[in-house]
Amino acid sequence: MKFTGRFTVSPESSVFSLVMLPLLGAALVMLAKAFLKGRMAAGMQFTAMLVGLFGPWLALLYTFPLVWSGLTVEGVIGNWSGVVGITFQFDGLAWLINALGYTVAGAAWIYSLGAGPRGPVFSSVFLIQTAALAATAMTADIFNLFVCLEVLGIASYVLVASSEKNGAFLASFSYLMVSASSMVFFLAGLFGLYRLTGSLSYSGISQALLALPDQGGGLAAISLSLIIAAVAMRVAMMPLYGWLPDAHALAPHAVSAVLSGVLIKTPLFALSRIMLIVPLGAAAAQLLGYAGAATAIVAVLVALSQKDAKRLLAYHSISQIGYVVCAWGAALDLGMDTMAGQHLMTAAFLHAFYHALFKGLLFLSIGTSTDRAGSRNVYTLRGAASTLRQSGERLPITLLSFIIAALAISAIPPLNGYASKIAITYSLKGSWQYWVLSAASIGTIASFIKLSRIFWPQPARIRLMATEEPSAVFMPSVATARHSGLPAQIVPGPMTDTSAVKRANLPVGISQAMLALACVASGLAAPWLYGFVLRLLDSAASLGFTSLNPGPALYTADNLLKTLYMVLAGFVLFRLAVSALGSRLLSLVRDRHRGFHGLFLSFAVGLSVLCVWLLLV
Amino acid sequence: MSGRARRILFLAQIALCVLLVAAVLIPVFLSSMPWPLSARDYLQANGLAESGASNLVSAIYLGYRAFDTLGETIVLLVAISGTIAIIAHGGAVLAQGYGLPSGTASEPARHLPPKTRTELLEVVTGKLGPVVLVFGVYVMMYGHLSPGGGFQGGVVIASGIVFLALGSRVDASNSLTSPENLVRIESAAFALLLLAASSGIISGSGFFGNPLAGAGLTPVAFIITLNAIIGLKVGAGLGFMCIAMLGRGK
Amino acid sequence: MLERILILLLFLIGFAGIVGMRNIIKKIFGLTIINSAVVLLFIVEGSRIGNSAPIIDAEIGLVVDPVPQALMLTAIVIGVCVTALALALAFRLYKAYGSFDIDEIHRQVHRES
Amino acid sequence: MIPILLALLIILAVYTLASADLLHGVIALSGISLISALIFYLLRAPDVAITEAAVGAGVSTVVFVWAIRATTRRASPVKNAGSSSAAVLPEDESL
């Protein structure tokens with residue numbers, strides 16, 4: 001259909017409706033809360049969520065032909081002068097990040113309809129977070145990036161605190177202090193860059209730096225590393241991930257899915273926009289890529305040693321983001337104008353996208369199972385499958401979702417994780433990162449064999465133990481009530497959080513089924529999707545590599561054989577890990593609570609290493 | 001490890017942390033590069049003509065970089081609703097939704113000693129409140145000419161609202177200072193702000209553009225409008241937060 | 001130069017407070033202080049290129065750089081918002097664990113779970 | 001002039017972090033905000049000065065005072081006074 005009248009939607013407007021629609025939804029939720037009561041308010045809130053989370057798809061569809069044909073929607077917001085105004089850039093990469101964000105946010109919201117949280121404050125903050133993701137994806141101005149990151153941050157502190165689990169307030173507080181302080185360092189870096197260049201837009205900064213003698217020298221290097229370190233903090237990379245396990249493990253399940261699936265990746269891809277054009281960007285990306293490989297292997301070892309199911313998943317998020325960062329760093333190091341760089345970036349994005357799908361599914365299915373079973377201890381919980389059946393789930397959707405997601409993260413064909421991991425290792429073949437990532441994959445398989453034991457039937461001995469001591473994990477609210485001294489109606493009893501989940505309900509099933517189908521479908525359609533992402537990223541660089549090299553072949557005998565070996569190795573590693581010696585060794589690497597200052601020490605160390613690296617190259 | 005060794009290790013970690021940060025920041029903070037002139041020169045030459053606001057900071061804040069300001073008001077919005085939700089109910093208000101009993105936003109009141117108001121305080125603040133409100137509106141509306149603007153005016157308005165709330169008698173229903181109304185004003189102002197920001201899309205002058213540029217309206221009118229809306233929103237939001245914290249809700 | 005050194009010192013004091021203080025309210029004090037230090041840095045350095053406030057009326061000389069001022073308005077407000085949220089969390093932590101001491105809170109959290 | 005004010009800020013910052021009474025710390029902190037506002041005014045940034053005075057010295061002080069009155073003014077817990085103040089972290093019990 002063509003618009004023939006005078007009224008046409010400009011590309012710029014449709015791009016900004018990606019940000020404005022969720023914000024409008026948030027405003028509607030607040031209006032509903034302020035002016036309406038009861039069913040009317042609930043109905044309006046529901047409508048607002050629909051507008052905010054699914055309306056942007058229209059804008060994405062509308063802008064797709066533009067992006068596909070290689071155009072970039074760019075300009076200055078409000079048509080002001082570019083010297084001071086805010087520049088934005090909507091290209092294939094931004095389109096892809098938005099598509100990723102709205103997919104996961106939509107599924108997480110449907111899940112939250114069934115399992116909570118669902119208050120108006122939650123809804124509006126959730127929508128605002130989604131809007132900030134969209135804005136982060138398309139900004140090309142460094143101070144605007146700061147504002148977007150702050151909005152993302154403050155929304156996620158509130159969302160993490162909205163959990164009623166024990167320790168969620170501490171997790172939220174630690175996350176807030178670390179990330180707010182790192183944002184002050186971001187400002188200091190911004191000061192350095194502004195002092196050197198007098199400009200705030202990415203293109204202005206890079207042009208001014210290139211014009212300077214010595215390209216800005218030490219000040220430019222240090223300012224850049226301050227900014228990169230602050231963003232890397234949000235991405236939870238190697239030395240800076242200390243805040244993540246608590247925050248992600250204690251948040252409500254739907255929030256965990258969004259935090260792990262989208263929130264830690266968007267800053268990374270937003271950062272690539274400035275790293276590509278600033279001198280020294282490639283060198284910084286190289287170091288980050290190395291840190292990513294290290295993250296992948298270290299985090300998977302720590303994950304293998306966890307006993308809390310959701311903490312295990314949180315460590316896997318760190319490990320998987322390590323894969324993404326490794327490929328992303330290598331891509332930026334090579335440059336997006338090389339074919340290998342394009343393929344690596346495609347692989348990185350594809351893995352980020354697939355990880356969002358299967359990790360979201362993992363958080364939702366493990367969350368549902370552990371809530372119904374009443375325990376999250378990987379070592380003692382058994383028979384979760386039968387618990388699910390008893391709770392009235394006639395179709396074993398949760399169990400099937402878990403199986404699909406676990407197979408996907410373990411890179412078993414034909415699921416999506418297989419395709420993206422093959423894509424990453426294909427481009428890295430021959431380098432040391434290839435071997436590190438392969439080892440990390442073996443660890444992933446082993447730890448998911450370990451996690452899947454919670455669904456195995458219950459042996460008699462453990463059943464006895466389980467009835468004797470009810471799990472401690474699920475009594476937090478009582479403890480809170482006891483300590484806070486508040487009357488009982490303010491602090492809800494232990495069951496309020498889970499009562500909704502105790503019975504099988506439709507939204508929980510639907511959201512899991514949606515994500516499970518997406519995992520299978522995106523696995524089957526992986527070659528096509530690879531070409532799609534490559535083409536979109538390519539159109540951003542407009543070089544036309546797509547036709548030259550369509551990407552890796554998936555189901556070669558070589559790859560399948562390698563997968564078989566990895567599964568065998570994973571099983572061996574699992575046996576080792578649960579053996580007496582293995583569990584003693586693993587308890588050494590289990591996350592020591594290094595305390596609050598440990599978080600800052602790792603930040604300071606990471607920051608200074610990055611500085612030294614950039615000053616030396 | 002003994003307590004003493006632990007303490008030394010702890011202090012050593014902190015010293016290392018601060019030293020590393022100092023080493024990194026010294027070149028940034030102590031740099032004596034000349035400050036860039038490009039943005040200043042551009043604004044001094046064209047700022048007034050392009051935006052119509054003689055206060056260049058306002059011109060940037062609500063003109064050139066109004067999108068940042070939108071982000072800032074959103075941070076404030078999330079902070080206020082998050083703070084209230086956390087102090088009043090823990091996670092419960094976020095988790096449960098509409099099942100909560102209404103009017104509990106003033107929960108922290110129980111922790112204040114009962115005697116927070118005295119006769120003198122009541123009289124002084126009650127008389128001062130309207131004056132402060134008027135001053136806040138002045139700061140808010142003249143931000144494009146003189147120092148001040150929507151945000152600063154909003155803060156002054158908020159303190160005026162708090163004064164009125166402190167000054168009014170316990171049972172007197174003061175419609176401006178009731179939390180319900182403040183929440184209503186805040187959410188309505190937020191919706192208005194979003195509408196104003198996107199109105200340019202419909203009229204064709206682009207996102208955050210002056211919607212009536214075609215009709216001969218100068219950009220400064222748009223800046224004044226934004227100032228007023230932001231002032232209203234900030235005033236209501238902060239006033240709500242302070243009143244809830246002082247336990248003066250209904 | 002002296003001004004820059006003093007601002008750096010202010011920043012480092014605040015940072016040491018965040019890292020080294022055990023009381024979480026004092027950590028929040030530290031956050032406020034480093035935020036102020038960076039704001040001061042922007043304004044002090046940005047004011048070196050002019051000699052009148054960035055308000056254009058009659059014949060004035062060169063104005064100071066208005067861009068850092070506008071940016072710092074945003075940064076100040078965001079800083080206060082984060083502080084308010086941190087205080088709300090600190091209040092909750094105190095109510096739940098009866099202490100502002102970060103180590104004590106850590107200990108209780110890990111004992112309970 | 002400016003260096004003197006900055007030196008004053010540093011003294012106040014040290015006092016803020018060192019004071020045993022949190023309420024005194026808050027008052028010193030609002031002093032920091034007010035002096036900063038004065039510096040901004042002297043440096044020809046009146047907008048920032050107004051904002052810092054209203055937001056930093058006003059709103060933020062109100063929130064701090066509320067938080068401290070609702071909890072405690074003491075900066076260090078009584079029972080731990082004198083005992084080892086180093087981080088005593090829990091040993092993670094094995095399975």
Side-chain angles (χ1 to χ4, degrees), chain A residues 12-13 16 20 23-24 27 30-31 34-35 41-42 77-81 83-86 116-122 125 128 143-144 147-148 150-151 154-155 158 161-164 168 188 191-192 195-198 218-219 222-223 480 490-492 496-497 597 600-601 604-605 607-608 611, chain B residues 10 13-14 16-17 20-21 23-25 27-29 31 33 35-39 42-43 46 50 60 63-68 71-72 74-75 78-79 81-82 85-86 89-98 101 107 180 183-184 187-188 190-191 194 197-198 200-201 205-209:
Chain A
E12 190 200 330
S13 308
F16 276 99
M20 293 313 279
L23 286 182
L24 208 61
M30 295 181 58
L31 286 173
F35 288 101
I77 294 176
N79 297 323
W80 293 94
S81 133
V83 179
V84 191
I86 300 172
R118 51 174 166 263
V121 178
F122 166 78
V125 173
I128 284 171
F143 191 77
N144 193 243
V147 175
C148 291
E150 287 281 12
V151 177
I154 201 154
V158 172
S162 74
S163 161
E164 290 172 44
F191 171 82
R195 156 154 244 165
L196 278 171
T197 65
L219 182 55
I222 291 174
S223 306
T480 323
I490 293 173
V491 180
T496 32
D497 195 18
H597 58 275
F600 283 91
L601 185 62
V605 171
L607 174 63
S608 32
C611 272
Chain B
F10 175 73
Q13 285 181 350
I14 292 185
L16 178 65
C17 212
L20 285 177
V21 165
V24 172
L25 287 182
V28 179
F29 275 57
S31 148
M33 293 281 293
W35 191 261
L37 303 173
S38 54
Y42 178 83
L43 283 168
N46 308 316
E50 281 185 2
I60 299 169
Y64 293 96
R65 304 187 66 88
F67 191 53
D68 283 346
E72 175 197 321
I74 289 170
V75 169
V78 177
S81 53
I86 287 170
H89 309 282
V93 72
L94 294 145
Q96 287 175 349
Y98 288 99
E107 211 49 58
E180 288 83 5
V183 169
R184 282 177 187 172
S187 52
F190 180 50
L194 292 180
S198 32
I201 292 180
S205 55
F207 180 69
F208 254 120

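Predicted model, so just to flag it, every value in this text is computed and none were measured.
Closest approach of B/Ser187 and A/Ala34 over heavy atoms only: OG-CB, 3.5 Å. Taking every heavy atom of both residues into account, B/Ile86 and A/Ala161 meet most closely at CD1-CB, 4.0 Å. Here the closest heavy-atom approach between residue A/Val147 and residue B/Gly71 is recorded as CG1-CA, 3.7 Å. The shortest heavy-atom contact between A/Ala27 and B/Leu194 is CB-CD1, 3.8 Å. In terms of heavy-atom proximity, A/Val83 sits nearest to B/Ala39 at CG1-CA, 4.1 Å. The minimum heavy-atom distance between B/Pro27 and A/Ile222, with the atom names listed, is CG-CD1, 3.4 Å.
Between the side chain of B/Arg65 and the backbone N or O of A/Val84 there is at least one donor-acceptor pair closer than 3.5 Å.
Per-residue heavy-atom pair counts under 4.5 Å with chain A were compared for B/Leu37, B/Ile14, B/Val28, B/Val21, and the maximum is reached by B/Val28. Top candidate by heavy-atom pairs under 4.5 Å with chain A, chosen from B/Leu25, B/Val24, B/Val183, is B/Val24.
Classification of the B/Tyr64-A/Trp80 ring pair by plane angle, with boundaries at 30° and 60°, yields tilted.
If you measure heavy-atom distances from A/Leu601 to chain B, the contacts under 4.5 Å come from both the backbone and the side chain. Heavy-atom distances place the side chain of B/Ile60, and not its backbone, under 4.5 Å from chain A. With a 4.5 Å cut-off on non-hydrogen atoms, A/Phe191 touches chain B through its side chain but not through its backbone. Heavy atoms closer than 4.5 Å to chain A are found nowhere in B/Ala23, neither backbone nor side chain. A/Thr197 touches chain B through its backbone: at least one of N, CA, C or O sits under 4.5 Å from a heavy atom, while the side chain does not. Heavy atoms of B/Phe67 lying under 4.5 Å from chain A belong to its backbone as well as its side chain. Of the two parts of B/Leu43, only the side chain, counted from C-beta on, holds a non-hydrogen atom closer than 4.5 Å to a non-hydrogen atom of chain A. Within the 4.5 angstrom heavy-atom criterion, only backbone atoms of B/Glu72 (N, CA, C, O) approach chain A. Contacts of A/Leu219 with chain B are made by side-chain atoms alone, with heavy-atom separations under 4.5 Å and no backbone atom involved.
Summarising the geometry, atom CG belonging to A/Leu31 is positioned 9.5 Å from atom CZ belonging to B/Phe190; distances are rounded to the nearest 0.5 Å.
In this structure the side chain of A/Val151 never reaches within 4.5 angstrom of the side chain of B/Val78, judged on heavy atoms. Side chains of A/Leu607 and B/Leu20 form no contact here, defined as non-hydrogen atoms less than 4.5 Å apart.
Contacts of A/Arg195 classified as side-chain hydrogen bond (donor to acceptor under 3.5 Å, both in side chains), with partners at least two apart in sequence or in another chain: C/Glu45.
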